[in-house]
Amino acid sequence: MQVFKAYFKVMRASAGAISIYIAIFLGLSVAFSLAEAPQEAERFAQTRTPIAVINRDGDASLAQGLAGYLADTSRVVPYPDDPEKLQDALFFRDVEYIAIIPAGFSADFLSGRDCAVQNVTVSGSISSRYVDMRIDKYLRTARLRHQYGGDQSQEELAATVRADLAQETPVTVLSSSATNGSERGFVFYYRYFAYAVLATIMMGVSSIMMAFNKPDLRRRNLCAPIPARSANLQLAAGHTIFALVCWSVLVLCSFVLYGRSLLSSGLVWLYCLNTLAFTVVSASIGFLVGSSVRSTGAQAGAVNVIANGMCFIGGVFVPQSILSKKVLDVGRFLPAYWYVKANDAISGLSRATAGALLPIYGDVLIQLAFAAAIFATTLLLTKERQAE
Amino acid sequence: MLVRVQNLVKRYGNLLALDHFSMEVGEGEILGLLGPNGSGKTTTINCILSLLEYDKGVIEVFGKAMAPDAYESKRNIGVVMQNVAVFQELRVDENIDYFCGMYVSDAKARRRLVDKAIDFVGLGEFRTFYPKKLSGGLLRRLNIACGIAHEPKLIFLDEPTVAVDPQSRNKILEGIRDLNRQGATVVYTSHYMEEVEQLCTRIVIMDKGKTLAMGTKDELKAMINDGDTVTVELYALQPDHVANIRQLPHVTRAEYADNRLAVHFDGGQHNLLTLLDYLKSRDLSFGRVFSEQPTLNDVFLEITGRQLRD
Ligand SMILES: Nc1ncnc2c1ncn2[C@@H]1O[C@H](COP(=O)(O)OP(=O)(O)OP(=O)(O)O)[C@@H](O)[C@H]1O
Ligand SMILES: [Mg+2]
């Protein structure tokens with residue numbers, strides 16, 4: 001247990017650097033969510049969000065009804081179903097939201113199968129959240145009518161839903177801007193989570209690895225009557241606990257900052273799952289850095305370059321929807337890309353469309369695969385180096 | 001025999017670092033491994049500790065073949081490496097506790113051992129210091145404390161006094177003698193012959209990876225059978241006197257320079273008297289007279305034709 005105990009004593013030396021990363025992150029998150037909150041209330045009253053609606057479900061009444069409802073409540077800019085043109089439209093802010101009703105949507109919806117309206121948004125756009133909410137509202141109403149409204153044809157259903165929704169006054173105005181603000185806040189928080197968890201864990205894990213891997217110390221440790229495997233296991237246990245502590249601290253902070261809105265979103269466990277996967281990725285990268293660099297200067301450089309570089313290209317700092325296709329193509333080879341992809345998907349989920357979880361699980365698995373690959377590479381590298 | 005090394009061969013690529021090197025360490029000894037820089041002392045120690053793979057040879061410690069997983073043997077070995085090996089991130093007492101804890105799991109016993117080790121190396125007032133705040137000599141002392149805190153039966157010290165001031169050095173040497181008195185067997189490497197001469201009960205002289213000689217100090221000196229050298233301070237000695245002196249019995253060399261006459265005798269007895277009798281008989285008045293015993297350096301010089309310390 002000696003190695004395990006020493007782990008956390010050695011960690012003290014990096015505590016300063018690590019708390020700075022966490023403090024900066026928390027500071028930024030709070031600042032952003034405070035800055036964004038009031039804007040939103042104003043906007044709601046004034047603007048109708050420019051959106052594009054791509055209906056691939058053709059003449060199905062439910063899909064038509066949804067498109068119509070969106071046209072009533074937002075400003076629909078007509079666009080053809082052409083990915084390139086749509087990307088441009090988003091990029092130049094011609095539209096802030098693209099809703100795609102997939103083929104077979106109405107039929108799936110009525111038969112209770114998983115279905116979701118896909119969307120592409122200008123990330124960070126506040127008004128796109130309202131479009132989300134409208135789609136959600138439409139589908140929720142439709143679900144209610146379908147389940148409790150007796151036998152209705154699709155046309156009748158679509159008509160009743162439209163009628164229901166038409167009666168409604170925009171009640172949302174009353175909802176406090178603070179709640180909406182902090183809702184935006186936690187979406188933002190969990191995107192940036194990637195940076196905080198990556199930087200802190202990489203820093204901590206690599207510091208420990210460097211301390212124990214100094215050639216003289218490694219030799220000295222090998223003189224002791226403790227099998228190298230046991231020492232390595234103790235280190236691994238230390239890394240695991242350290243990573244989990246960093247993760248829990250960051251998750252707990254999100255509860256403190258965004259408590260009610262986060263919990264009521266029903267997305268907490270998905271965020272936890274995704275961040276946990278990225279935590280494993282971060283530990284693996286820290287492991288790689290720690291066994292590759294020798295000096296603290298090189299270590300600090302590596303941590304900064306990797307954390308900043310990956311977070312930029314992967315879409316943490318700049319939303320993926322704004323990044324050019326070239327950058328995204330590169331990003332695909334970085335775990336942060338998949339983290340953000342899953343994170344965006346989670347943030348776009350709502351209760352009515354909660355069927356669309358599979359792609360999120362996929363992204364999580366891809367992250368874990370990255371972590372496994374990085375761990376394996378590191379083990380190979382160190383094996384090769386030790387065979388002197 | 002606590003340690004037996006036989007025909008050890010170790011290559012670093014093309015460099016033959018150990019060339020059929022052999023040595024033995026008996027229980028209770030302080031064995032000095034003496035050799036110039038690069039002679040293979042550290043390589044020998046690292047091979048004995050199974051830190052290095054070697055090409056040929058047999059190594060036994062505590063009567064058993066030494067191997068990386070010979071944990072029972074390792075438990076009774078203390079190691080003080082040539083390069084200080086401590087955690088920069090841990091305090092003095094934490095470092096000692098860490099290394100001691102690899103051998104002693106009982107926390108209470110360990111606390112006592114750590115205190116004792118701190119006392120032993122005189123780091124009491126630096127207990128809570130981090131290594132980077134320690135001077136070079138204090139750091140060496142910490143390195144020693146980390147190696148011996150668990151009271152091992154067999155201790156390897158690889159040049160533990162390099163860069164240590166004379167005062168600390170004496171304290172360290174005294175400490176090693178103490179450990180030995182308390183029952184520890186010590187293997188001590190150094191290229192300071194004075195140190196080895198002062199401390200060690202038996203000495204192995206090595207160079208270029210080979211054993212040159214081994215034995216006690218006196219055995220080694222007897223080995224070169226160098227007789228002794230007498231130096232006499234004399235003013236203006238004529239060359240024919242020097243020639244005469246060369247003819248005296250047992251004289252192998254006689255040189256006169258800087259008003260000093262150095263006469264080298266090869267065995268024989270009463271050599272000094274013979275020389276002084278000659279000087280008196282010629283009415284040559286002389287100043288101080290020295291008679292020099294051979295040093296380990298002479299031994300080294302005799303065997304290799306080189307000075308131990310360049
Ligand atoms: N890892 C290594 N790779 C290549 N050559 C090495 C290595 N370690 C030592 N050597 C060489 O092996 C020889 C013996 O080195 P070693 O360190 O054992 O000498 P030493 O007697 O301990 O010297 P010193 O008094 O300087 O500590 C030297 O010539 C050295 O250059
Ligand atoms: Mg050496």
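Residue numbers begin at 1 in each chain, while the letters A, B, ... track the order of the sequences. Just the heavy atoms: all of them, side chains too, but no hydrogens, waters or symmetry mates, feed the values below.
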Is the [atom1] atom of [X] crowded by more than 12 outside heavy atoms at less than 6.0 Å?
| X | atom1 | answer |
| --- | --- | --- |
| A:Arg229 | CZ | no |
| B:Gln182 | CD | yes |
| B:Glu27 | CD | no |
| A:Phe317 | CZ | yes |
| A:Lys214 | NZ | yes |

task: Report the C-alpha distance between B:Leu51 and A:Cys223 in whole Å, list the side-chain angles of each, state the deciding distance to 0.1 Å, and finish with yes or no for side chain to side chain contact (heavy atoms under 4.5 Å, CB included).
output: CA-CA 8 Å; B:Leu51 295 175; A:Cys223 294; 3.8 Å; yes
Given a strict heavy-atom distance threshold of 4.5 Å, which part of [X] is in contact with chain A: side chain, backbone, both, or neither?
| X | value |
| --- | --- |
| B:Leu49 | side chain |
| B:Tyr12 | neither |
| B:Val80 | neither |
| B:Asn46 | side chain |

- line: Ranked by heavy-atom pairs below 4.5 Å to chain B, first place among A:Ala228, A:Ala13, A:Ala211 goes to A:Ala211
- line: Residue from A:Ser207, A:Ala231, A:Pro215, A:Pro227 scoring the most non-hydrogen pairs under 4.5 Å with chain B is A:Pro227
task: Test B:Tyr103 against A:Ile226 for side chain to side chain contact (heavy atoms under 4.5 Å, CB included), laying out the working first.
output: CA-CA 8 Å; B:Tyr103 303 82; A:Ile226 291 183; over 6 Å; no
- prompt: Are any non-hydrogen side-chain atoms of A:Gln2 and B:Asp97 less than 4.5 angstrom apart?
  reply: yes
- prompt: Below 4.5 Å, heavy atoms only, C-beta onward: do A:Lys9 and B:Arg91 meet side chain to side chain?
  reply: no
- prompt: Has the side chain of B:Lys74 got a donor or acceptor atom that lies under 3.5 Å from a matching backbone atom of A:Leu222?
  reply: yes
- prompt: Would you say the side-chain atoms of B:Glu89 pair up with the backbone N or O of A:Ala6, donor to acceptor, closer than 3.5 Å?
  reply: no
message: As an exercise: rank B:Asp69, B:Leu90, B:Val84, B:Asn76 by heavy-atom pairs under 4.5 Å with chain A and give me the winner.
response: B:Leu90
statement: Heaviest contributor of heavy-atom pairs below 4.5 Å to chain A, chosen from B:Gln82, B:His150, B:Arg110, is B:Arg110
message: If you compare all heavy atoms of B:Ala85 against all heavy atoms of A:Arg220, which two are closest, and at what distance to 0.1 Å?
response: CB-CB, 3.8 Å
query: Of the non-hydrogen atoms in A:Arg219 and B:Leu52, which two are nearest, and what is the gap between them?
result: NH2-CD2, 4.0 Å
field: A:Val10/B:Tyr98 under side chain to side chain contact (heavy atoms under 4.5 Å, CB included): CA gap, chis, key distance, verdict
entry: CA-CA 11 Å; A:Val10 171; B:Tyr98 170 80; over 6 Å; no
field: Contact class of A:Arg12 relative to chain B, heavy atoms under 4.5 angstrom
entry: side chain
